[in-house]
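Only one structure is covered here, and it is reproduced in the block below.
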Amino acid sequence: MRKELGLPLDKKLILSVSSDQPRKNIPMVKSVMDNLDSSFKLVRVGIPVGDSITFNDVDTVKINKIYNASDMLFLPTLEEGFGYPVVEAFKTGLPVLTSNIDVIKEVSNGAALLVNPEELKENVEGIYGIMDNHEYYVKKGYERAKYYASSTIKEKLISYYNGIL
């Protein structure tokens, strides 16, 4: 997958998926990358950040490949409506480091490592924490992804509507 996408084989790839809206906290992504050792490389879907490898206008197939080629998702968001990249990461077995804000806490339900999105030290330590406990977060993410499976959602909707009837 990495070869197909032109990604380095000898780096730990940190994926960042977001728009450039201020609430997405792009300056934190740059600051964290500036504070990591050279074994890490940023992969961006969105605007470039520093010397990131950047993808734009990706379709469903390509974004799935990017998730699968990466080692972790980093989403230091300040505000979210839902946090869909977290669920996408869980579904592909990608560990997640993200913000300890209410909506993300609810979406991740203990399957992601949550940190203060405005504290550089916490975010840098979180990157290393994910890498040190990679398999744990992969397993937790897969478990949480089941909650968002279309079959699970369908069952909940049917149950809800049956309760109304």
Residue pairs passing the ring-ring contact (aromatic ring centres under 6.0 Å, His included) test where at least one lies in residues 97-127, sequence neighbours excluded: none

Minimum heavy-atom distance between Pro76 and Pro117, given as atom pair plus value: O-CB, 3.5 Å

Remaining members of hydrophobic cluster (4.5 Å side-chain criterion), Tyr142: Val138

Where at least one partner belongs to residues 18-37, residue pairs that pass ring-ring contact (aromatic ring centres under 6.0 Å, His included), sequence neighbours excluded: none

Salt bridge (charged side-chain N to carboxylate O under 4.0 Å, His left out) partners of Lys41, counting only residues at least two apart: Asp51

Within-4.5 Å side-chain heavy-atom neighbours: Phe40 and Lys11: no

Considering only distance and modelled atom types, tabulate donor-acceptor pairs under 3.5 Å from the side chains of residues 102-111, sequence neighbours left out.
| residue | atom | partner | partner atom | Å |
| --- | --- | --- | --- | --- |
| Ser108 | OG | Ile104 | O | 2.7 |

Hydrophobic cluster identity match, Leu15 and Leu75, side-chain contacts under 4.5 Å: yes

Within-4.5 Å side-chain heavy-atom neighbours: Pro48 and Ile53: no

Atom of Gly126, atom of Leu113 and distance for their closest heavy-atom approach: O-CD2, 3.5 Å

Stepwise side-chain contact (heavy atoms from CB on, under 4.5 Å) test for Val43 and Phe55: CA-CA 8 Å; Val43 176; Phe55 296 91; 3.8 Å; yes

Under the side chain to side chain donor-acceptor pair (under 3.5 Å) test, residues paired with Lys140 that sit two or more places apart: none

Shared hydrophobic cluster for Ile101 and Phe74 (ILVMFWY, side-chain gaps under 4.5 Å): no

Qualifying side chain to side chain donor-acceptor pair (under 3.5 Å) pairs, either residue in residues 60-77, two or more places apart: Arg2-Asp71, Glu4-Lys65, Asn64-Asn68, Tyr67-Glu88, Thr77-Glu80

Leu97 vs Ile127, side-chain contact (heavy atoms from CB on, under 4.5 Å): CA-CA, chis, key distance, verdict: CA-CA 7 Å; Leu97 174 66; Ile127 297 286; 3.7 Å; yes

Side chain to side chain donor-acceptor pair (under 3.5 Å) contacts in which one or both residues fall within residues 114-128, not counting sequence neighbours: Asp37-Tyr128

Considering all heavy atoms, the nearest Ile130-Pro95 contact: CG2-CB, 3.6 Å

Worked check of side-chain contact (heavy atoms from CB on, under 4.5 Å) between Thr98 and Leu114: CA-CA 5 Å; Thr98 188; Leu114 305 178; 3.4 Å; yes

Contacts table for residues 26-36: side-chain donor-acceptor under 3.5 angstrom, sequence neighbours left out:
| residue | atom | partner | partner atom | Å |
| --- | --- | --- | --- | --- |
| Lys30 | NZ | Asp34 | OD1 | 3.3 |
| Lys30 | NZ | Asp34 | OD2 | 3.0 |
| Ser31 | OG | Pro27 | O | 3.1 |
| Asn35 | ND2 | Ser31 | O | 2.7 |

Side chain to side chain donor-acceptor pair (under 3.5 Å) against Thr54, all qualifying residues, sequence neighbours excluded: Ser52

Between OG on residue Ser18 and CD1 on residue Ile47, distance to nearest 0.5 Å: 7.0 Å

In one Ile/Leu/Val/Met/Phe/Trp/Tyr side-chain cluster, 4.5 Å: Ile14, Leu5: no

Within one Ile-Leu-Val-Met-Phe-Trp-Tyr cluster: Met1 and Val58, side-chain cutoff 4.5 Å: yes

Hydrophobic cluster membership, Leu73 vs Phe82, 4.5 Å side-chain cutoff: yes

Pairing residues for Ser16 by the side chain to side chain donor-acceptor pair (under 3.5 Å) criterion, not counting sequence neighbours: Arg44

